[in-house]
Structure formats: C-alpha cells, structure tokens
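Here is the structure we will look at, set down as structure tokens.
Chain letters run A, B, ... following the sequence lines, proteins first and then strands; every chain starts at 1.
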Amino acid sequence: MKPSRKVFYRVFGVMIFLTLASMGISLLNFKGINMYLLLTFACIQACVVLFYYMDLRSSSHLTWIVAGVGFFWLGILMVLVMSDVLSRNWIPTPGW
Amino acid sequence: LSNSSSVVAHQFDDHVQQRDANYLGMWIFLVTEIMFFGGLFAGYTLYRSMYPEAFAEGSRHLSMALGGINTALLALSTLMVTLAVESAREEKPRAVCKFLSYAMILGVIFLSIKFLEYYQKWQENLVPGAQFQYQGTQPHELQLFYSFYFVMTSIHALHLLIGIFIIGGLVIWMGRRPDKARPNAFIEMTGLYWHFVDIIWIFIFPLLYLARQ
C-alpha cells in the first residue's frame, strides 16, 4: 500500500526533529556515547528515507536482497577495518 | 529504463514487472555507490579512532549552523522529489515540474552554502596542502581531518550537482513537450538517486560536523 502525502510530511518532520536532536547531542557531553547516539539517529533517518521516500517497503524481495547485500558488504568492510585497529595493541610491535 | 510508465517495453509482461526491473537496476547502481562512499567512511573511521582529539577539534572548527541548514535544505528537497514522484504517478505534469524545480533550487542553495564554507576554510588557510596553517597542538592530524572533510563533502557535492543537472534536464524536457508521454520511470529513478544522495549527507553531517566530544 502506498503511503499518503500526510505520511511524507510526517517523515520530513521526523527528519528535522532528529537533525535538531543530533545538534543538541553534539553540544552536550554524554561521556563517550555521543558518537553512538549520533550514528543511531543517522541510521533512523536513513531507514525512514529508505522505507518511505525510496519506497523500499513496497519493492520486490529481490530489490530488498540487493539493497541489503550492499549494506551487508559495507558492514563487513567496517568490521574488518575496526578489528584491525582494535587488535593492533594485542601483540606489541616496534614502530607501531 | 522505459521512457514512459504508460508504455510497457516488449521484454516485460506488465507494468509491475517493468517497475520492479527498473527499481532493481537502479538499486544495483546504488549498491556500487554504497561501496564507493563506504571506503571513505571506513577511512574516516580508521583515522578518527587513531586521532580522536584532532578530529573532534576539526569538527569544532566547522559551522554546525551552516551544516544544520544544509541538512534541512536536503531534507526539504528530498520531500519535494517525493512529491514530484507522487505527482507523476497521478499524471500531474505541472505539479511534477513545480516540485522538481523546488528540489533543484534547494540543491543549488545547498551547494552555495557549501562553497561559502569552502571559501571560509580557504581564507583561514585550512585547505590541506602547502598553504595549510594551524597553530594548535596537532596540525598534521588536523590536516588529515580536513582532507577527509574536503574529499567527502566535495564528492557528495559532485553527486548533488549531477542530480541537479538530471532534474534540470527533466524539467526542460517536460516543459518543451507537455503533450508527450511523461518519463515517469525516469522521474522515479532520479528520485531514488536524489534520496540516496540525501542519505549520504545524513551520515556526513554527524561524522564531520557534530562529533565534537
């Protein structure tokens, strides 16, 4: 079922609200979780755009798989990069 | 892509199959874009974890107000594109042209603000390279931050510029040939591209402008 225009306006409101909330978070110190909060809000905004504006909700299963694979590969890239960074100090190596 | 939603190309059984094929093809392209920007985001993540203080300092240099205004402009433009796509489905070509024109104007304002920011950084000698000057404690690491800032935002701006040209072409095409079949499939795919560019900015904004702690 296609969302109505009212839904699109609400989505825009959510986008603006989350942007303002993110700006508010950046001015406060949440003891190390600022980045996680910012990325959580960004992910919510991205999901809202994907599902409502980009019509992923009513797309075919094959489109879902293709879109999901893109984000899954991105996840693999991030996990492998961070696993390298976080494990560098496990074995002390001169020059690092 | 077919030139009109009212015409089913001979290789498809019906409109639904044609629409699904259009979406699938566009999404395959967008996945390559995800991987392209993913490399940049991975590089940013790596260096931010190595130099968190310098990157936070870099974020504090950037104007949160200008970044926030640009985020709102893109959110509004992506709403306009959505309304244009809806109008195309309802066979309202005038409304399509109107909403696409609004989106294009908002995109141009976004780019103008972006270039204003670039100009400010140029004036402050914060563009990476031989002219880079910073009196703080970590000038090299800050230069790295600005390298990511300029590369990520300029590639995003290039994508937006391409979107503006595509939308501009669509508006001109529809304005000159109002009696011809509307390129609804092309409008929908342009909409997907524009929304994707917005999603990229949704992540660039917090990572570069808001990660100040």
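- Among B:Pro206, B:Ala42, B:Ala211, B:Gly67, the residue making the largest number of heavy-atom pairs under 4.5 Å with chain A is B:Ala42.
- Contact of B:Leu79 with chain A is made through backbone and side chain together, with heavy-atom distances under 4.5 Å.
- In terms of non-hydrogen atom pairs under 4.5 Å with chain A, the most contact-rich of B:Ile200, B:Leu83, B:Val85 is B:Leu83.
- In this structure, chain B has a heavy atom under 4.5 Å from the side chain of A:Met78, while its backbone stays farther away.
- A:Met54 touches chain B through backbone and side chain together, each having a heavy atom under 4.5 Å away.
- Residues A:Thr19 and A:Ser22 bring no donor and acceptor atom of their side chains to less than 3.5 Å of each other.
- Heavy atoms of A:Asn34 lying under 4.5 Å from chain B belong exclusively to its side chain.
- Using a 4.5 Å cut-off on side-chain heavy atoms (C-beta onward), B:Val8 and B:Asp14 make no contact.
- Contacts of A:Phe8 with chain B are made by both backbone and side-chain atoms, with heavy-atom separations under 4.5 Å.
- Both the backbone and the side chain of B:Phe41 come within contact range of chain A, with heavy atoms under 4.5 Å apart.
- When each of B:Val81, B:Leu30, B:Val31 is checked for heavy-atom pairs under 4.5 Å with chain A, B:Val31 comes out on top.
- For the set A:Ala42, A:Ser59, A:Gly70, the count of heavy-atom pairs under 4.5 angstrom toward chain B peaks at A:Ala42.
- The most heavy-atom pairs under 4.5 Å with chain B, out of A:Val11, A:Leu20, A:Leu28, A:Ile25, come from A:Leu28.
- Within the 3.5 Å criterion, the main-chain N or O of B:His156 finds no donor-acceptor partner in the side chain of B:Trp201.
- For A:Leu77, the part lying near chain B is the side chain, with the backbone staying farther off; criterion is any non-hydrogen pair under 4.5 Å.
- Only the side chain of A:Ile16 comes within contact range of chain B, with at least one heavy atom under 4.5 Å from a heavy atom of that chain.
- In this structure, chain A has heavy atoms under 4.5 Å from both the backbone and the side chain of B:Phe196.
- Below 30°, between 30° and 60°, or above 60°: for B:Tyr149 and B:Phe145 the angle between ring planes is below 30°, a parallel geometry.
- When ring centroids are compared, A:Trp64 and A:Phe51 come within the 6.0 Å threshold.
- Ranking A:Leu39, A:Leu18, A:Leu62 against chain B, the residue ahead of the rest is A:Leu62, based on heavy-atom pairs under 4.5 Å.
- When each of B:Asp20, B:Asp198, B:Thr32, B:Val16 is scored by its heavy-atom pairs under 4.5 Å with chain A, the top score falls to B:Asp20.
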